[in-house]
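Got a structure for you, questions after.
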Number of protein chains: 2
Amino acid sequence: MDPLPKSQIVAFEEQMEHFLPNHSVDCVILGYENQLLKVLLLKWKMYDAWCLPGGFIFKYEDMDKAAHRVLKERTGLDKIFLEQFHSFGKQKRAEHAASDEGRSIRESMSRLGFTKAETFKWFNTRFVTTGYFALVDIAKAQPQPDFLSAACEWKALNELPKLVLDHNEILEKAIHHLRLKINHVPLGVSLLPKKFTMQDLQKLYEAILGRPLERSNFQRKILKLEVLVRMEKLMSGAANKAPYLYSFDKKKYNHLIKAGIGF
Amino acid sequence: MDPLPKSQIVAFEEQMEHFLPNHSVDCVILGYENQLLKVLLLKWKMYDAWCLPGGFIFKYEDMDKAAHRVLKERTGLDKIFLEQFHSFGKQKRAEHAASDEGRSIRESMSRLGFTKAETFKWFNTRFVTTGYFALVDIAKAQPQPDFLSAACEWKALNELPKLVLDHNEILEKAIHHLRLKINHVPLGVSLLPKKFTMQDLQKLYEAILGRPLERSNFQRKILKLEVLVRMEKLMSGAANKAPYLYSFDKKKYNHLIKAGIGF
DNA sequence: TCTTATTGTATTCTTTTGACACAATAAAAT
DNA sequence: ATTTTATTGTGTCAAAAGAATACAATAAGA
């Protein structure tokens, strides 16, 4: 763990004065790749632990805006479906979390080159955090660690590392929220590339819901929503009938959002 | 607007030091009376405006606990269904709200007898607030104003006064949340007395959903859930067939919560 | 040409929903 | 004592939605 460049520390400490104290935002940024749901995580420099990408809210900034800023900074993505799902306000959010292996936050921060008492205090006070979730096309995102992180990577939901603080709980709540939400929002839009097969879409729904769906009934239900446009066939080279490609018809989102899909 | 007793001001200012800055909770406490949904509101002493019962979070207190404390202090009720639904984090939450008719908060606070600069500052800084909603039996609640309020009353949702800050928006969001939630939770439990007729329950659902439901289909749907126990008949004295009374079977909640009801 | 795996669609049966019908009944009116 | 009235519990029936299965069509390999 090398010390940070002095300039980064100074820059942060200058910003810090403009942050709203005691409140943060955390983003559960989900993507879909190789038939797996993945979440974007940061690896701390402080010690060996992963966390959700998060940030603080400027005093002059709307909270939603802060969440969008975090999303943009970690992925480069803009104008994305991003929704608040829950705020986490336990006094001791750190309890039952990944341990820091004996090292105090203070010690780790010293190693990174932090010196100001206010900065130590900032990271040791209680924060209420508001969770947001986003669904993004992994191919379009460009993961970017922040100055406190050594890595920013997609991790499959089925083999997650231990996360700091209550971030595992936050992530679980986000997934739960997503499973409810999938009945009301055309989620495929954000998670899949522009053109996709019916099988792609079904696998995505299965990944989100965590259970298999019946193929022909799934196809019938989705098509009846009339939000997909059938494109050319996909000649995959496999020894079987070629599936059609579909894309979403953006004009028809609204009626779908109102009506809802039920699986 | 008479000045407050000095002791109340001192007591608040002593508490204030122990509050988590920049964050509050607001409770949308709903009740049901005369076939109307009602919400518990406080009338400010500061100036002529109503607000949702709210409060601050102690530094040593979980946020959920703070919301329960507010509920208890305003209604005397304990161990009630109370759920977070959204956090409101706009920088200028006060915009588009009920005006203070030209008087500044500072001036009104002076009249009430506040003097400390920190207290003025407290009420003038930005707060993120987390909204909770509760469903209570009006007959059991005992509305109790706090020291900054002149009144604490149930107001029917269809004839609401203008509320301070963004409290109208908070209330709307709570109702929206409730309408979604009613499909998954046996809400009648909290809003109705122990024994009720099928008509009572239907009227409640209609009040929440804001639309009429077909009587016989409603009855069939509710009964099939198998969460009601049929009790004795209610001899109301009306010139017609007497309806049965029902009560909720607490043992069967869980399966209902999982399965959900759809109207 | 035959085989194989997958796809698009149809069929069948069951369940759910919405609209309406109707007998049962508590008490008031006659 | 009988009729009337309003409301309740239950039944029916057609339409819609859902689950399970069947089957022909088809791209490419054998």
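Chain letters run A, B, ... following the sequence lines, proteins first, then strands; residues in each count from 1.
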Exercise for the section: Just jot down the side chain to side chain contact (heavy atoms under 4.5 Å, CB included) partners of B:E169, sequence neighbours excluded, or say none. Expected result: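 With sequence neighbours excluded, B:E169 shows a side chain to side chain contact (heavy atoms under 4.5 Å, CB included) to B:F88, B:K90, B:D166, given in chain and number order.
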Handout entry: Protein-nucleotide distance (B:Q199, atom CD; D:dA6, atom P), rounded to Å
Key =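 Interatomic distance, CD of B:Q199 to P of D:dA6: 14 Å.
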Practice task
Mind calculating the distance between CG (A:L225) and P (D:dG18) to the nearest angstrom?
Solution key: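 Distance, rounded to whole Å: 10 Å.
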Problem - Value in whole Å for how far the C1' atom of D:dG9 lies from CD1 of B:I222 - result: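 Spelled out: CD1 on B:I222 to C1' on D:dG9 is 15 Å.
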Problem - Rounded distance (Å) that lies between atom C1' of C:dA10 and atom CG of A:L223 - result: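 My rounded result for the distance is 14 Å.
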Problem - Rounded distance (Å) that lies between atom P of D:dT10 and atom NZ of B:K221 - result: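 About 18 Å, once rounded to whole Å.
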Problem - Contact pattern, 5' to 3', of nucleotides 20-30 of chain D - B, S or - by protein heavy atom under 4.0 Å - result: BB---BBBB--
Handout entry: B:K224, nearest nucleotide to its side chain (from C:dT9, C:dT16, C:dT17)
Key =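 Side chain of B:K224 sits closest to C:dT16.
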Handout entry: Residues B:H23 and B:T129: side-chain donor-acceptor under 3.5 angstrom
Key =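 The criterion, which ignores hydrogens and geometry beyond distance, is not satisfied for B:T129 and B:H23.
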Problem - Partners passing side-chain hydrogen bond (donor to acceptor under 3.5 Å, both in side chains) against B:K195 (at least two apart in sequence or in another chain) - result: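 Residues passing side-chain hydrogen bond (donor to acceptor under 3.5 Å, both in side chains) with B:K195: B:E232.
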Practice task
Sequence neighbours left out, what passes side chain to side chain contact (heavy atoms under 4.5 Å, CB included) with B:E83? Give chain and number order.
Solution key: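 B:E83 satisfies side chain to side chain contact (heavy atoms under 4.5 Å, CB included) with B:F81, B:F133, B:H177, B:K181 only.
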Handout entry: Value in whole Å for how far the P atom of D:dG18 lies from CD of A:Q219
Key =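 The distance from CD of A:Q219 to P of D:dG18 comes to 16 Å, rounded to the nearest Å.
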Exercise for the section: Measure the distance from OH on B:Y244 to C1' on C:dA26 and round it to the nearest whole Å. Expected result: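 Going from B:Y244 (OH) to C:dA26 (C1'), I get 13 Å.
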Exercise for the section: For A:E172, check side chain to side chain contact (heavy atoms under 4.5 Å, CB included) against everything at least two apart and list the hits. Expected result: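 Here no residue qualifies.
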Problem - Residue list, side-chain hydrogen bond (donor to acceptor under 3.5 Å, both in side chains) with B:Y32, at least two apart or on another chain - result: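 For B:Y32, no residue satisfies side-chain hydrogen bond (donor to acceptor under 3.5 Å, both in side chains) once neighbours in sequence are set aside.
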Handout entry: Nucleotide C:dT6, atom P - distance to CG of A:L234 in whole Å
Key =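 Taking atom P of C:dT6 as the reference, CG of A:L234 is at 14 Å.
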